[in-house]
Amino acid sequence: MEYKGHKEIASVTLFDLRLSEGELMVYEACIEYVLKNCDETEIHKITGCSSKEELQSYQDDLKNLIKSYVWKEYLPDKLKE
């Protein structure tokens with residue numbers, strides 16, 4: 001991962017990062033693990049997300065990003081939908 005910069009907008013900090021496809025896949029898999037193995041209370045403690053649905057939306061965003069830009073032959077089977 002490479003830090004390119006950041007910008008603060010209201011109470012949110014937006015980061016410009018450069019990530020490899022492998023890094024994105026690891027982050028997506030970690031979210032999947034947490035969703036499958038943790039209850040709402042644990043999810044909140046680990047991630048700060050208020051619900052499984054909020055964390056699921058982050059995972060969905062990562063999946064869509066990976067599927068849109070990673071060559072199909074390099075996608076893991078679970079993302080070849």
Side-chain angles (χ1 to χ4, degrees):
M1 177 188 318
E2 180 183 346
Y3 170 79
K4 303 292 250 176
H6 73 279
K7 198 183 298 187
E8 293 189 25
I9 300 176
S11 63
V12 176
T13 304
L14 299 175
F15 291 90
D16 293 322
L17 304 171
R18 185 176 183 147
L19 301 163
S20 71
E21 61 197 41
E23 289 169 314
L24 289 174
M25 287 185 213
V26 167
Y27 300 143
E28 186 278 325
C30 289
I31 293 172
E32 182 175 348
Y33 180 87
V34 170
L35 285 169
K36 286 183 177 179
N37 295 287
C38 299
D39 63 24
E40 297 267 342
T41 303
E42 292 171 311
I43 287 174
H44 181 69
K45 281 168 55 174
I46 293 168
T47 68
C49 291
S50 61
S51 66
K52 279 191 170 195
E53 291 76 22
E54 182 181 0
L55 185 57
Q56 179 71 57
S57 73
Y58 291 133
Q59 184 189 31
D60 292 342
D61 289 345
L62 277 173
K63 283 181 177 180
N64 289 332
L65 183 66
I66 292 166
K67 287 194 269 188
S68 294
Y69 296 102
V70 173
W71 289 1
K72 304 304 178 218
E73 58 266 24
Y74 296 122
L75 285 176
D77 288 340
K78 70 178 186 173
L79 295 176
K80 292 180 180 177
E81 303 167 357

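Only heavy atoms go into these numbers, but all of them, side chains included; no hydrogens, no water, no symmetry mates. As the structure is a computational prediction, the values presented were derived from the model and not from experiment.
- The hydrophobic clustering, which links ILVMFWY residues whose side-chain heavy atoms are closer than 4.5 Å, places Leu62 and Tyr69 together.
- The cluster map of Ile, Leu, Val, Met, Phe, Trp and Tyr, joined by side-chain heavy atoms under 4.5 Å apart, puts Tyr58 and Tyr33 in different clusters.
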Side-chain atoms of residues 5-13: list all donor-acceptor pairs with protein atoms under 3.5 Å, sequence neighbours left out, distances to 0.1 Å.
from : atom 1 : to   : atom 2 : distance (Å)
His6 : ND1    : Tyr3 : OH     : 2.3

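- Listed here is the closest heavy atom pair of Lys80 and Leu75: CE-O, 3.0 Å.
- Remark: Thr41 engages Asp39, Lys45 in a side-chain contact (heavy atoms from CB on, under 4.5 Å) (not counting sequence neighbours).
- Here Cys49 contributes atom SG and Gln56 contributes atom CD; the two are 11.0 Å apart, rounded to the nearest 0.5 Å.
- Judged as a side chain to side chain donor-acceptor pair (under 3.5 Å), the pairs with a partner in residues 17-28 (not counting sequence neighbours) are, in order, Ser20-Glu23, Glu28-Gln59, Glu28-Lys78.
- Between Glu54 and Lys52 there is no salt bridge, since no side-chain nitrogen of the basic residue lies less than 4.0 Å from a carboxylate oxygen of the acidic one.
- Atom CG in Leu35 sits 5.0 Å away from atom CD1 in Ile43 (nearest 0.5 Å).
- Interatomic distance, Met25 CE to Cys30 SG, rounded to the nearest 0.5 Å: 13.5 Å.
- Distance OG/Ser57 to CD1/Ile31: 9.0 Å, rounded to 0.5 Å.
- Rounded to the nearest 0.5 Å, atoms CG (Leu55) and NE2 (His44) are 12.5 Å apart.
- To the nearest 0.5 Å, atoms OH (Tyr74) and CG (Leu79) are separated by 16.0 Å.
- Between Met1 and Leu17, the shortest heavy-atom distance links the atoms SD-CD1, 4.0 Å.
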